[in-house]
Amino acid sequence: MGKIILTGDRPTGRLHVGHYVGSLRRRVELQDSGEFDKIFIMIADAQALTDNAEHPEKVRENIIEVALDYLSAGLDPDKCTIFIQSQIPELTELTFYYMNLVTVARLHRNPTVKNEIVMRGFEESIPAGFFTYPVSQTSDITAFKATTVPVGEDQLPMLEQAREIVRKFNSIYGDVLVEPVAVVPDNETCKRLPGTDGKAKMSKSLGNCIYLADSAEDVKQKVMNMYTDPNHIKVSDPGTVEGNTVFTYLDAFCKPEHFAKYLPDYNNLEELKDHYRRGGLGDVKIKRFLCAVLDEELAPIRARRSELQKKIPEVLEILRKGSIEARKTAAQTLDEVKAAMRINYFDDDSWVKSQTEKYNQ
Ligand code: TRP
């Protein structure tokens, strides 16, 4: 059995730097490591519809945005299969069978879904599809026999549920499915990059996101308006680094070599933080540094995006071909699942024979 990656994102908006440090950057590294036999990257449109049933156009319009973000961040269609979830009907079929292996009470306990229900104001009327999306996510993962799922930390409960369903399936029907392992960022800051306003999470509705597709000018403006330490008023004031968004972003993006290039008075981030704590270091200086650091990472992504935007038919072809390719793998797994469940009646000669014999005695 090989090492296989499956992961994906809901196409409800462009991807931002939180997605990037939380998972996308890691996927590109894993892709380039050459350690994986197969890599599947899924645009989870069917899952996006579970809480956007009334806004199909929003999901549809964002397919291409997410695809452009993937490709410009460095996912390479020669090394990974990028596909659209809804184009793989086998995933829905698997979900229907997995649904029997999980209880409503267990679904209620999923902390991410619990949170999302509150955030979306669904307490009174949860769409059944939304409530059960962790089961559909199990189909996404197991259809490709994924061993490794690089995701943001908020997805850990989905992985736990997937593992439980896999164990249950295998214990009833025999060893067919593979238990996946999540890969989350090891850097604490990357697990939960806050919005530019210092709020817990980046979200489009709060307007606190830096998008991968933002222009250099937009990024600069967002950094200059970033939340810092409200008590650090004069340059000479001692400042706080914890909860200071500029430092949080530096924790996520800054590498030691950035200092020699952009801020040679310091050797590393610790020295910069110490100076800020002592006082005598102004916010504008650290913000300018962050702009340079971000630009180094985002400029190549931006440049690739503007090239790709000139070749949309090629990008769509990548998705079309990827979906055909992904479907083959999912269909193969579905066949194995149905055989294990003994509902592959007409492929099963012994079943056909036994049904005849039953009345032929
Ligand atoms: N739930 C993920 C998100 O909100 C998207 C997703 C759907 C996914 N299916 C998946 C992620 C399977 C990893 C594996 O972004």
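Counting starts at 1 for both ligands and their atoms, in listed order.
Scanning all protein heavy atoms for the shortest distance to atom 7 (C) of ligand 1 gives Q47 NE2, 3.2 Å. Considering only non-hydrogen protein atoms, atom 8 (C) of ligand 1 sits nearest to Q137 NE2, 3.4 Å. The protein non-hydrogen atom at the shortest distance from atom 9 (N) of ligand 1 is D140 OD2, 2.7 Å.
Between R10, M158, Q155, it is Q155 that holds the heavy atom closest to atom 2 (C) of ligand 1.
Interface of A44 with ligand 1, defined as ligand atoms under 4.0 Å from a residue heavy atom, comprises 7 (C). Less than 4.0 angstrom separates some heavy atom of M42 from each of these atoms of ligand 1: 7 (C), 9 (N), 10 (C). Residue-ligand proximity, V149 to ligand 1, at heavy-atom distances under 4.0 Å covers atoms 13 (C), 14 (C). Within ligand 1, counting atoms from 1 as listed, the ones closer than 4.0 Å to a heavy atom of L6 are 12 (C), 14 (C).
Taking 4.0 Å as the cut-off between side-chain N and carboxylate O, E93 and K338 count as a salt-bridged pair. Taking a cutoff of 4.0 Å between a charged side-chain nitrogen and a carboxylate oxygen, R302 and D214 do not qualify as a salt bridge. Between K273 and D251, at least one side-chain N (NZ, or NE/NH1/NH2) sits under 4.0 Å from a carboxylate O, which counts as a salt bridge.
Looking at S23, its side chain does come within 3.5 Å of a backbone N or O of P150 through a donor-acceptor pair. Within the 3.5 Å criterion, the main-chain N or O of A48 finds no donor-acceptor partner in the side chain of R10.
Of the polar atoms of T7, none of the N or O atoms is found under 3.5 Å from an N or O of ligand 1, judged by distance alone.
Closest heavy-atom contact between A143 and T333: O-OG1, 2.7 Å.
A side-chain N or O of D9 and one of Y70 form a donor-acceptor pair less than 3.5 Å apart.
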